[in-house]
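Here is the structure we will look at.
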Amino acid sequence: MTENVVPLFKNPTEQPTEVPAPLTVVPEPAPAKPVRVWKRAGRTVVRAARHDRTRTAGRAMVRHTSYVLGGTRIVTRRAWDGRTGARYERMLRAAEAAGNYEAAGDWEERLHRFRTERHKRRMDLLASPEKVVKGAAFGVGGGIGALIAIGIALAIANGEISDVVTPLMAVIKLIRLLVVIVQVVWGPAMVIGPWLALAAVWAVGRQRGAAPQWTLPAGKRSDDAGAPITPSIVVTALRDLGVAPLTRAIKEMGDAGAAMLGPIRIAGCGVEVDVTLPSGVSTLDVQNRRRKLAENLSRHEHEVFITIPTAARTVRLWIADSGALDEPIGPSPLVTDETMTANYKTGKAPWGQDLRGDAAMLSLFQRMLLITGLSNQGKTAALRALVLWLALDKTVEFRIADLKGVGDWGMFDGLATVLIQGPTDEHVIDATEMLEGGVEEMERRIQAPPGTKFPPLILIVDEAQVAFMCPAVDDNRRQYGGSKATSRYFMAARKIHNQGRAVDVLLWEGTQDPTDQNLPKLVREGAHTRISLALGTESQARMALGDKAVDGGAAPHLLRQGLDKGTVVVASDGITIPAGQASITVRTHYIDTDTAHAIADRAKALRDGVTTLSAVEQPATVVDPLADIADVLGDKPRMLTQEVLQRLAQKNPGEYREWTFADLRQVLEAADAAPRKSDGRMVVDGLRVAHALAQRDTDGPDTAAR
């Protein structure tokens with residue numbers, strides 16, 4: 001720009017008269033930044049690569065390529081197995097890994113036989129060239145001779161000497177025609193043959209599922225919920241369970257673990273399979289990983305049940321169809337069959353369905369019953385369904401204490417002889433007295449002549465934890481609740497458990513959250529039929545069902561709270577349990593309150609009418625201490641005062657358990673039969689007591705009764 005600048009002064013000596021304004025330089029506009037074409041193309045390529053169609057096409061390409069590669073591998077392995085003893089060696093290793101040494105010896109013998117026969121074939125092959133040459137020479141010579149003989153016969157018959165070579169020329173022309181056919185077909189066969197072979201291995205790979213799971217269409221992936229259970233899926237689930245000895249044994253098995261599985265059988269709304277575990281793997285290792293096994297099988301935890309059959313080192317897996325356990329099982333036969341009746345001795349209650357879908361029938365004959373579970377899981381409904389069925393036997397008497405008191409047992413008003421409804425201490429006192437009345441009835445039946453028949457008496461206490469935790473005490477300072485020998489409810493329950501079954505006096509209890517505080521061990525162990533709904537912990541499950549059932553696979557603590565309502569785990573000899581198992585899972589029929597009222601009305605129609613008491617009326621008994629003292633003395637002339645007190649306590653514990661020597665002396669002194677000393681010890685004189693009793697009876701009815 002310097003050469004275009006005009007100087008301000010032509011002559012440096014000259015001074016300008018006027019200075020011109022400075023020039024304004026206008027900057028040139030900056031050129032637009034060019035857009036890089038390769039960036040736009042890259043973004044386009046990325047979007048195209050991430051498109052669903054591109055991904056689908058890529059998965060399809062990888063899938064079909066995998067079919068070809070996998071099919072080739074499978075066909076090659078089959079060919080190798082057919083030509084070598086690899087198959088026998090795999091089965092031998094599998095048997096050894098499973099600990100089945102008898103089968104291992106059998107496979108070793110088969111392998112030795114195969115090798116011997118293969119060696120014989122190879123030795124025969126070495127001698128085969130000589131046999132082939134001799135056979136070919138003999139065959140060709142014999143064939144040519146036969147053709148010439150035929151030609152001679154034709155020549156004689158036709159009178160033409162040229163017919164001698166006619167058969168031979170016909171064979172030569174046939175050979176030439178075959179060569180021409182081969183030349184024509186060979187070219188296309190060489191072109192089509194590889195494609196046919198490719199299609200064959202592709203079909204084998206597709207049939208065997210040789211492609212990775214992520215390449216399969218969404219509806220055919222084995223990791224989708226509801227996928228059919230196959231042997232390969234079960235073995236893979238066990239292999240990936242995280243049990244190192246099991247994983248190692250499956251990898252070492254030549255059959256990839258198939259020898260462990262029994263047949264997969266359809267069982268109700270699922271399938272069942274027995275798995276024989278390899279040596280070094282315990283059944284507990286599998287049981288403790290139930291959730292992971294279920295996830296490996298594409299199922300929820302509650303859809304897989306693990307039990308222990310009779311066979312050693314074996315677990316039985318029951319795998320439900322996806323979502324099948326969330327569907328209702330249908331109405332109870334008590335609802336659908338209005339003509340149904342019950343038989344306490346020979347009948348079984350139609351209670352629900354087991355996991356196989358078979359009807360679950362429970363016998364109640366001479367069985368104490370305990371049902372436990374978390375609140376609002378259907379405990380009362382499950383217990384009430386059994387009672388409603390048994391109510392259809394008009395010979396059965398019910399005495400019911402509902403310590404929740406919200407009307408769940410209201411339909412038994414007019415059906416049960418005692419119906420107590422309420423959660424207060426007064427209701428617990430009435431329930432305790434109801435049980436003690438059952439004890440008195442039991443003792444009366446026991447003392448009856450042998451062979452006497454009595455109608456069944458069922459004592460039912462719902463929400464029994466309220467009774468065990470009741471702090472109320474009676475006039476003798478004996479607590480109604482608790483688990484000590486002084487607890488009235490506890491002792492009454494124990495007495496019925498000990499002897500009630502023999503005379504058909506039974507106790508059925510329902511309780512929440514079983515613990516040692518609200519369900520003492522001696523009471524829960526006295527139940528013949530133990531039932532549990534969903535529980536919170538394994539320790540509660542052991543309290544509810546016992547260690548044997550839980551160790552055998554019973555897991556009520558794994559049932560889903562709120563979702564598995566009415567699903568119970570039963571440990572009892574009154575229900576059919578699969579061989580080798582200690583419990584069974586049952587989905588019970590739900591009978592709502594309105595329907596329960598209708599069934600109860602049918603039961604009432606079978607009876608002549610029952611007066612229901614809302615509380616136990618205790619008889620007004622008159623206690624005569626002097627007569628009781630005379631009774632315990634019997635014919636003895638004298639008895640130590642301490643022994644008299646002991647015998648009185650045994651005769652009437654409620655009245656004399658707390659008696660002291662002062663109480664005894666007060667009664668005897670009032671009758672002029674005060675205790676005296678004999679050989680330095682206080683005794684009660686039998687003659688004095690008898691004389692005082694006779695004198696009192698003579699004087700009149702005024703007694704010392706209280």
Side-chain angles (χ1 to χ4, degrees), residues 362 364 367-387 398-406 408-409 420-425 427-432 434-435 438 458-472 479-484 487-494 496-497 500 506-546 549-550 554 556-557 559 561 564-572 583 588:
L362 181 63
L364 304 173
R367 289 178 175 87
M368 308 289 175
L369 186 144
L370 172 66
I371 182 169
T372 64
L374 297 176
S375 178
N376 196 31
Q377 294 302 301
K379 171 176 52 63
T380 298
L383 178 59
R384 190 177 63 188
L386 297 175
V387 181
F398 297 99
R399 300 180 187 179
I400 302 173
D402 176 16
L403 299 182
K404 182 165 53 178
V406 294
D408 289 339
W409 296 87
I420 301 166
Q421 301 182 87
T424 66
D425 290 349
H427 293 99
V428 173
I429 293 172
D430 290 339
T432 303
M434 181 188 79
L435 259 63
I458 311 297
L459 304 168
I460 302 167
V461 181
D462 195 10
E463 305 296 340
Q465 76 277 357
V466 178
F468 284 112
M469 302 182 72
C470 178
Q479 187 175 351
Y480 286 94
S483 58
K484 297 182 179 179
S487 168
R488 292 179 59 177
Y489 182 90
F490 172 76
M491 290 306 298
R494 285 295 301 140
I496 295 174
H497 280 166
L506 305 178
L507 174 60
W508 295 359
E509 293 180 291
T511 183
Q512 297 180 12
D513 284 342
T515 64
D516 286 327
Q517 288 72 36
N518 60 26
L519 187 59
K521 176 179 175 61
L522 292 178
V523 173
R524 62 178 184 255
E525 294 293 337
H528 305 98
T529 296
R530 301 172 70 170
I531 306 165
S532 178
L533 292 98
L535 290 173
T537 63
E538 182 179 339
S539 62
Q540 290 179 334
R542 293 183 179 275
M543 292 181 183
L545 299 177
V550 175
H557 54 288
L559 294 175
Q561 183 177 0
D564 289 328
K565 287 186 177 182
T567 300
V568 299
V569 182
V570 186
S572 171
S583 64
T588 61

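Given the structure is predicted, the values throughout are model-derived calculations rather than measurements.
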Legend entry - Charged N-O contact under 4.0 Å between R494 and E525: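 Answer for the salt bridge query: no.
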
Legend entry - Salt bridge present between R384 and D462 (N-O < 4.0 angstrom):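 No, this pair does not count.
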
Report the distance from atom [atom1] of [X] to atom [atom2] of [Y], rounding to the nearest 0.5 Å.
{"X": "S532", "Y": "L559", "atom1": "OG", "atom2": "CG", "answer": "7.5 Å"}
{"X": "L506", "Y": "I458", "atom1": "CG", "atom2": "CD1", "answer": "4.0 Å"}
{"X": "R530", "Y": "S572", "atom1": "CZ", "atom2": "OG", "answer": "11.0 Å"}
{"X": "L374", "Y": "H557", "atom1": "CG", "atom2": "NE2", "answer": "12.0 Å"}
{"X": "R524", "Y": "E509", "atom1": "CZ", "atom2": "CD", "answer": "12.0 Å"}
{"X": "L370", "Y": "L507", "atom1": "CG", "atom2": "CG", "answer": "9.0 Å"}

Mind checking whether [X] and [Y] have side chains closer than 4.5 Å, heavy atoms only?
{"X": "I531", "Y": "V569", "value": "no"}
{"X": "Q377", "Y": "Q561", "value": "yes"}
{"X": "F398", "Y": "L459", "value": "no"}
{"X": "M543", "Y": "T372", "value": "no"}
{"X": "P556", "Y": "L545", "value": "yes"}
{"X": "D402", "Y": "I420", "value": "no"}
{"X": "R399", "Y": "I460", "value": "no"}

Inset, instruction - Show your reasoning for whether side-chain hydrogen bond (donor to acceptor under 3.5 Å, both in side chains) applies to E463 and Q465. - result: CA-CA 5 Å; E463 305 296 340; Q465 76 277 357; 2.7 Å; yes

Legend entry - Candidate pair S487 and Q479, rule side-chain hydrogen bond (donor to acceptor under 3.5 Å, both in side chains), full reasoning: CA-CA 5 Å; S487 168; Q479 187 175 351; over 6 Å; no

Legend entry - side-chain contact (heavy atoms from CB on, under 4.5 Å) evaluation trace for L403 with Q421: CA-CA 6 Å; L403 299 182; Q421 301 182 87; over 6 Å; no

Show the nearest heavy-atom pair for residues [X] and [Y], with the distance to one decimal.
{"X": "G373", "Y": "L535", "value": "CA-CD2, 3.7 Å"}
{"X": "P423", "Y": "V466", "value": "O-CG1, 3.8 Å"}
{"X": "T537", "Y": "S539", "value": "OG1-OG, 3.0 Å"}
{"X": "M469", "Y": "N518", "value": "SD-CB, 3.7 Å"}
{"X": "A493", "Y": "V523", "value": "CB-CG2, 4.5 Å"}
{"X": "A492", "Y": "L435", "value": "CB-CB, 3.8 Å"}

Legend entry - Candidate pair Q540 and D513, rule side-chain contact (heavy atoms from CB on, under 4.5 Å), full reasoning: CA-CA 7 Å; Q540 290 179 334; D513 284 342; 3.9 Å; yes

Legend entry - Full working for side-chain contact (heavy atoms from CB on, under 4.5 Å) between L369 and L383: CA-CA 9 Å; L369 186 144; L383 178 59; 3.7 Å; yes

Legend entry - Matching residue for T588 among V568, T567, L533 - test: side chain to side chain contact (heavy atoms under 4.5 Å, CB included):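 With T588 as partner, V568, T567, L533 yield a single side chain to side chain contact (heavy atoms under 4.5 Å, CB included), made by V568.
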
Inset, instruction - Go through the structure and list residues passing ring pair (Phe, Tyr, Trp, His ring centres under 6.0 Å) with F468, not counting sequence neighbours. - result: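 If we apply the ring pair (Phe, Tyr, Trp, His ring centres under 6.0 Å) test to F468, skipping adjacent residues, the hits are Y489.
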
Inset, instruction - Kindly write out the residues that satisfy ring pair (Phe, Tyr, Trp, His ring centres under 6.0 Å) with W409, not counting sequence neighbours, or none if the list is empty. - result: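 By the ring pair (Phe, Tyr, Trp, His ring centres under 6.0 Å) rule, W409 matches F412.
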
Legend entry - L364 vs W508, side-chain contact (heavy atoms from CB on, under 4.5 Å): CA-CA, chis, key distance, verdict: CA-CA 10 Å; L364 304 173; W508 295 359; 3.6 Å; yes

